[in-house]
Amino acid sequence: SDLGMATQNRFAPLGQSGGYTTMETFPNFSADTLHCHELLSQEEQALRLRVREVMEKQVAPVIPKYWERAEFPFELLPVLRDLNVAGGPVKGYGCPGLSPMSFGMVMAEAARVDCSISTFLLAHGSLAMATLLHLGSDKHKQELLPGMAELRTLGAWALTEPDNGSDASGLRTTATRVPGGWRLDGRKRWIGNATVADVIIVWARNTESGQVNAFLVRKGAPGLRVVKMHHKLSHRLMQNGDVALEGVVVSEEDRLPGADSFQATAGILAWSRVMVAWQPVGVAAGLYDMAARYCRERKQFGAPLAAYQITQEKLVRMLSTTQAMWTLTWRLTRLYESGRMTPGMAGMVKAHNSLRGREVAALGRELLGSNGLLADFLAGKALADMEGIHSYEGTYEVNTLVAGREITGYAAFKAAGVRATGPGKQQQGQGQAGDSSAPMQSSMGMGWGGGPCQGCPCGAGGGTCSCGSTCSTCSKGSCGSDTCDKEGQNKAERAAQLGAAAVSSGGSSSRTQGCECPGQEPVASCRRGGNSACACTPCKQQAEQRRLGQARSKM
């Protein structure tokens with residue numbers, strides 16, 4: 001009947017969208033009310049707009065279906081290839097050679113639509129490709145980098161292990177010399193791109209030297225087993241895997257010659273942390289754009305949601321927080337480009353952005369109501385992705401400790417008074433200035449870490465020494481404990497000796513414990529000029545800046 005037809009049409013299903021615009025038609029960018037884009041060069045702005053258009057028009061429409069299935073969208077590889085951004089600042093070998101700021105724009109614009117795509121490019125380029133450039137042989141670069149730049153060869157970076165996340169330097173995977181090469185044994189977890197990678201850079205401890213080295217493991221190598229991690233709620237398109245290495249034999253040529261200690265990761269990981277700091281900026285911008293459009297479309301109690309005071313307060317908070325995150329990260333990137341960024345700066349900005357990004361994500365989800373729980377409307381998906389960002393590339397807590405150590409001079413990574421060898425074994429001086437450890441979470445194939453020497457006379461712990469200079473006792477690395485100086489001597493004893501010498505000469509000692517810096521002006525007057533062997537915090541910062549500058553000069 002006519003009445004029946006009218007009733008049927010009136011209550012016809014509205015579909016997944018409920019009658020509102022989904023992320024398939026991505027909202028126009030509006031999260032720059034302070035015109036921060038004017039701080040970018042013309043080249044940086046042009047790339048930003050080009051990536052934005054591709055992400056909005058070609059990537060956004062297909063993301064929800066892949067998110068639902070937790071599958072990587074291989075159909076998008078040609079689209080990403082045409083952008084020519086894989087590898088970011090990596091120069092030569094067919095790589096784009098972008099400026100750090102330009103690649104930061106790539107990270108933010110990709111994350112604005114989908115953080116998995118951004119993280120895929122990060123793990124593949126900023127970790128795997130950058131490691132090959134800085135630490136690999138000429139043969140490695142010529143063989144792999146051209147294909148990786150075109151996304152025809154995919155890479156992964158395997159550092160994190162089941163029992164070593166924030167304390168990445170304590171990795172247990174081993175590399176044992178065998179005739180013609182090395183045998184790798186161990187486990188890796190949360191490795192981004194692991195199931196799709198053609199080559200995995202595996203970090204393992206050399207059983208001869210005790211140092212951490214890096215090795216290329218090719219897809220299909222005997223003894224290599226990669227299992228996809230299922231039931232993941234964050235970064236669902238990103239293919240994270242558990243990696244088992246059971247007697248995997250690689251040739252001597254597949255050992256990266258530049259990776260001779262765990263310190264070799266420092267420049268790679270400092271760089272990647274800057275790029276990760278851009279991801280929450282992009283996520284927040286996308287959420288603001290989506291929420292602002294939705295609140296204009298949806299009406300309740302006779303008026304659009306955007307007309308209500310409580311809605312406007314939330315939108316303004318989202319926008320102002322996004323702009324603050326953008327400005328902080330812009331400044332951090334410029335400092336990196338000029339060679340003045342320190343680990344504490346990077347840790348502070350990454351911690352801030354992951355914390356505030358969570359806040360923006362929660363506000364966006366609230367404004368979209370129940371629709372915010374559907375991947376089609378971005379908010380719920382982005383909220384889950386922010387949880388991943390909050391944990392990888394250094395958890396929020398660890399990043400604050402990195403920054404806190406830099407501003408106070410006291411390291412607080414380890415529980416006070418607890419010896420590194422285990423609970424119940426006490427060690428004096430834990431948490432004092434000069435601790436060289438900087439442990440970082442490296443989930444999703446990312447991280448940044450360092451660790452104390454594990455076998456020096458100060459009693460920092462038994463086992464294998466894992467730091468990078470020269471220890472007079474173990475001859476495998478500089479002691480990084482709180483109580484031991486650069487030569488393996490107890491700091492208190494060293495200070496007493498210096499004081500006694502000063503008294504006997506009729507003067508007073510102005511030197512800091514365990515180094516050769518005058519106490520008043522350690523940076524300007526250090527006799528070692530920032531050499532990493534010097535144990536004081538200013539010298540370590542200066543040496544770190546030198547390493548970063550050298551890394552940048554190779555890009």
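One N or O on the side chain of T265 and one on the backbone of F262 form a donor-acceptor pair closer than 3.5 Å. Not one N or O on the side chain of T395 forms a donor-acceptor pair closer than 3.5 Å with the backbone of S391. Side chain of K350 to main chain of G394: a donor-acceptor pair is present (N/O by atom type, distance under 3.5 Å, no hydrogens or angles). With S126 contributing its side chain and A123 its backbone, the two residues share no donor-acceptor pair below 3.5 Å. Remark: side-chain polar atoms of H124 are paired, donor with acceptor, to backbone N or O of G155 under 3.5 angstrom. Of the possible donor and acceptor atoms, none in the side chain of E109 sits under 3.5 Å from a partner among the backbone N and O of M107. Within the 3.5 Å criterion, the main-chain N or O of G241 finds no donor-acceptor partner in the side chain of T195.
What you find for V51 and A110 is that their closest heavy atoms are CG1-N, 4.4 Å. Scanning both residues, T173 and W203, for their nearest heavy atoms gives CB-O, 4.0 Å. K91 approaches G97 most closely through the heavy-atom pair CG-CA, 3.8 Å. Considering all non-hydrogen atoms of both residues, L135 and A264 come closest at CD1-O, 3.8 Å. In terms of heavy atoms, P280 sits closest to I389 at CG-CG2, 3.6 Å. Heavy-atom minimum distance, E406 versus M345: OE2-N, 3.7 Å.
Taking SG of C115 as the reference point, atom CD of Q279 lies at 4.0 Å (rounded to 0.5 Å). The CG atom of L328 lies 11.0 Å from the CZ atom of R356; values are rounded to the nearest 0.5 Å. For the atom pair CG of D385 and CG of L287, the computed distance is 9.5 Å after rounding to the nearest 0.5 Å. Atoms CG and NE2, from L132 and H134 in turn, are 10.5 Å apart once rounded to the nearest 0.5 Å. Once rounded to the nearest 0.5 Å, the distance linking CG of D376 with CD1 of I63 reads 12.0 Å. Once rounded to the nearest 0.5 Å, the distance linking CG of L121 with CE of M275 reads 12.5 Å.
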Margin query: One pair to check against side-chain contact (heavy atoms from CB on, under 4.5 Å): K141 and D138. What are the steps and the verdict?
Written below: CA-CA 5 Å; K141 301 170 190 177; D138 288 339; 4.1 Å; yes
Next item on the list: Begin from the C-alpha positions of V402 and M348 and carry the test side-chain contact (heavy atoms from CB on, under 4.5 Å) through to its verdict.
Entry: CA-CA 8 Å; V402 173; M348 180 184 71; over 6 Å; no
Next item on the list: For the pair Y392 and E387, evaluate side chain to side chain donor-acceptor pair (under 3.5 Å) and give the outcome as yes or no after the intermediate values.
Entry: CA-CA 9 Å; Y392 67 60; E387 290 301 303; over 6 Å; no
Item checked: From CA spacing to verdict: side-chain contact (heavy atoms from CB on, under 4.5 Å), L77, F120 -> CA-CA 11 Å; L77 283 182; F120 163 76; 3.9 Å; yes
Margin query: Pair L383, R358 - check side-chain contact (heavy atoms from CB on, under 4.5 Å), show working.
Written below: CA-CA 7 Å; L383 181 64; R358 274 174 129 190; 6.0 Å; no
Margin query: Assess the residue pair D114 and K381 against the criterion (salt bridge (charged side-chain N to carboxylate O under 4.0 Å, His left out)); give the C-alpha distance rounded to whole Å, side-chain angles, the decisive distance to 0.1 Å, and a yes or no.
Written below: CA-CA 9 Å; D114 182 70; K381 180 181 78 67; 2.8 Å; yes
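Residues satisfying the salt bridge (Lys or Arg N to Asp or Glu O under 4.0 Å) test with E252, not counting sequence neighbours, are R177, R255. With sequence neighbours left out, R225 forms a salt bridge (Lys or Arg N to Asp or Glu O under 4.0 Å) with E246. Evaluation of the side chain to side chain contact (heavy atoms under 4.5 Å, CB included) rule for P257 yields S137, H140 as partners, not counting sequence neighbours. L373 meets the side chain to side chain contact (heavy atoms under 4.5 Å, CB included) test with R365; sequence neighbours excluded. Residues satisfying the ring-ring contact (aromatic ring centres under 6.0 Å, His included) test with W182, not counting sequence neighbours, are F215. Contacts of Y66 classified as ring-ring contact (aromatic ring centres under 6.0 Å, His included), with partners at least two apart in sequence or in another chain: none.
At least one side-chain heavy atom of P64 sits under 4.5 Å from a side-chain heavy atom of M23. With contacts defined as side-chain heavy-atom distances shorter than 4.5 Å, the pair D242/V226 does not qualify. Residues V90 and P96 fail the side-chain proximity criterion, which asks for heavy atoms closer than 4.5 Å. Between N213 and L256, the closest side-chain pair of non-hydrogen atoms is not below 4.5 Å. At a threshold of 4.5 Å between non-hydrogen side-chain atoms, the residues N206 and V212 do not count as touching. Using a 4.5 Å cut-off on side-chain heavy atoms (C-beta onward), K219 and L224 make no contact. Between D185 and L245 there is no side-chain heavy-atom pair separated by less than 4.5 Å. Side-chain contact between R152 and R81 is present, with at least one heavy-atom pair separated by less than 4.5 Å.
One finds a salt bridge joining K139 and E253 here, because a Lys/Arg side-chain nitrogen approaches an Asp/Glu carboxylate oxygen to under 4.0 Å. Between R187 and E161 there is no salt bridge, since no side-chain nitrogen of the basic residue lies less than 4.0 Å from a carboxylate oxygen of the acidic one. At a threshold of 4.0 Å, the pair D163-R172 counts as salt-bridged, since one of the basic side-chain nitrogens sits closer than that to a carboxylate oxygen. Ion pairing of D254 with R218 is present here, as a side-chain N (NZ or NE/NH1/NH2) and a carboxylate O approach within less than 4.0 Å.
Ring-plane geometry between F74 and F72 is classed as perpendicular, the angle between the planes exceeding 60 degrees on a 0 to 90 degree scale with a lower cut at 30. Classified by interplanar angle (parallel below 30°, tilted 30° to 60°, perpendicular above 60°), the ring pair H390/Y396 is parallel. Between W271 and Y336, the ring planes are tilted. Angles from 30° to 60° get that label.
More than 12 heavy atoms of other residues, nucleotides or ligands sit less than 6.0 Å from atom CD of E359.
If you check the side chains of T329 and N353, you find a donor sitting under 3.5 Å from an acceptor. Side chains of W157 and T131: a donor on one and an acceptor on the other come within 3.5 Å. For the 3.5 Å distance criterion, the side chains of S118 and W278 fail to qualify, holding no donor opposite an acceptor. In summary, the side chains of R273 and N399 do present a donor paired with an acceptor at a separation below 3.5 Å, with no hydrogens or angles considered. Using modelled atom types, one finds no donor on one side chain facing an acceptor on the other under 3.5 Å when comparing Q211 with S261. Between the side chains of Y93 and E143, not a single donor N or O lies within less than 3.5 Å of an accepting N or O.
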